[in-house]
Amino acid sequence: MNSRKQLLNHLLDIGGVGTLNNFYSPFAKTHKGGLLFTRKLFKSYAEDGLIEKIETIGKPANKAHEVFYCLTKKGADYIGRPNEYRYKKYQRSPYNIMHESMKFDVALSFLRLFPHKKFTFRYDASFYGVRPDILIRVESSNPKELTRFLLVEIERKKTIDRVFHEKIKRYEEMFQAITQKKSHNVSQFQVLVVYTDIWWDVFLRPQEYNNPSVINHIDCITGLLKNLVNHYCKFLPPDRYRFLGFHNFYRLPDVVWHTPQGNRVALLL
DNA sequence: CGAGGAAACTGCCCCACAGC
DNA sequence: GCTGTGGGGCAGTTTCCTCG
């Protein structure tokens, strides 16, 4: 598969919508370089009617960050996947741009960094009132193993106590309900909490992370994440949760995940 | 001053072709 | 037939430039 089709396949996989910034190239040295080729591709897709710009409400400050494009029916046909395409006409730009952008960053990173795995992403799943930002279905390569579900919760909050009280508590209630009603197999589920604070610029790409003030900010968020784990999460089942700083979204396979007990581990998929 | 465009550069792969 | 090599093309990038 050539990269022209590769990008469209990824776009369809992550739900059919994304920004230029989401599809940056991780291999470029500079931030600009990482967007250049993507920009070329987007332009030619748009000319060929394979993707469509979603009209924004106001005037976007930065188009690469804030203008979302969606795959068209023609685009799905072009990559030979017309029946997987669920056509949704997006009237306007996604309502919470930063949060949407983070979701697509995470979903796309799973595709890019675990290319041998088969993922299915959903953004509208709900279990006993808990709505994860992304539900990732991980197809097992081994037929004996069960399909797994990753419930990704993306949190951009000033303080960590809110992450615990507003989210993790609800997840625990959900697990209780599941156990009681025996509706799902709890061991198939893992909750991935992706955290950053509200001052973090979610549009920054890894190529921009070498700026001293950004490095400083990353340290700060890592500290907050450790506090979250140490103060609130110790008692949680060790394999049920994993915690990640959003700034590590581009290195998902690395040992960058925290267990509820505060150990750093890699994700087992 | 920053986003985006143009042009120039680079490393890699492919393939023709020569020499054995 | 096998294999080493060198040119050409191209995907992807860097650097420089323009324009609002």
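Note on naming: letters A, B, ... go to the chains in the order of the sequence lines (proteins, then strands), and numbering restarts at 1 for each one.
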Pair A/Leu20-A/Lys63, side chain to side chain contact (heavy atoms under 4.5 Å, CB included): steps then yes or no: CA-CA 8 Å; A/Leu20 225 127; A/Lys63 289 188 200 166; over 6 Å; no

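- Checked against the 6.0 Å centroid criterion, the rings of A/Phe249 and A/Trp257 do not qualify as a close aromatic pair.
- The shortest distance between side-chain heavy atoms of A/Glu84 and A/Leu12 falls below 4.5 Å.
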Verdict with reasoning, A/Glu172 to A/Arg240, per salt bridge (charged side-chain N to carboxylate O under 4.0 Å, His left out): CA-CA 10 Å; A/Glu172 279 302 285; A/Arg240 187 176 283 175; 3.1 Å; yes

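- Cation-pi geometry between A/Lys5 and A/Tyr78 is met: the NZ or CZ atom falls under 6.0 Å from the ring centre, inside 45° of the normal.
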Enumerate all atom pairs, one protein N or O and one N or O from nucleotides 11-18 of chain C, separated by less than 3.5 Å.
unit_1: C/dG12; atom_1: OP2; unit_2: A/Ser3; atom_2: OG; d: 2.7
unit_1: C/dT13; atom_1: OP1; unit_2: A/Ser25; atom_2: OG; d: 2.9
unit_1: C/dT13; atom_1: O4; unit_2: A/Lys40; atom_2: NZ; d: 3.4
unit_1: C/dT14; atom_1: OP1; unit_2: A/Lys29; atom_2: N; d: 2.7
unit_1: C/dT14; atom_1: OP2; unit_2: A/Thr30; atom_2: OG1; d: 3.3

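- Chain A approaches DNA chain B within less than 4.0 angstrom (heavy atoms of the protein), and the contacting nucleotides run 5' to 3' from B/dA3 to B/dG5.
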Can you give the donor-acceptor pairs under 3.5 Å from side chains of residues 23-34 of chain A to other protein atoms, not counting sequence neighbours?
unit_1: A/Ser25; atom_1: OG; unit_2: A/Phe27; atom_2: N; d: 3.2
unit_1: A/Thr30; atom_1: OG1; unit_2: A/Gly33; atom_2: N; d: 3.1

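- A/Tyr85 and A/Leu71 get closest at one heavy-atom pair: OH-O, 2.5 Å.
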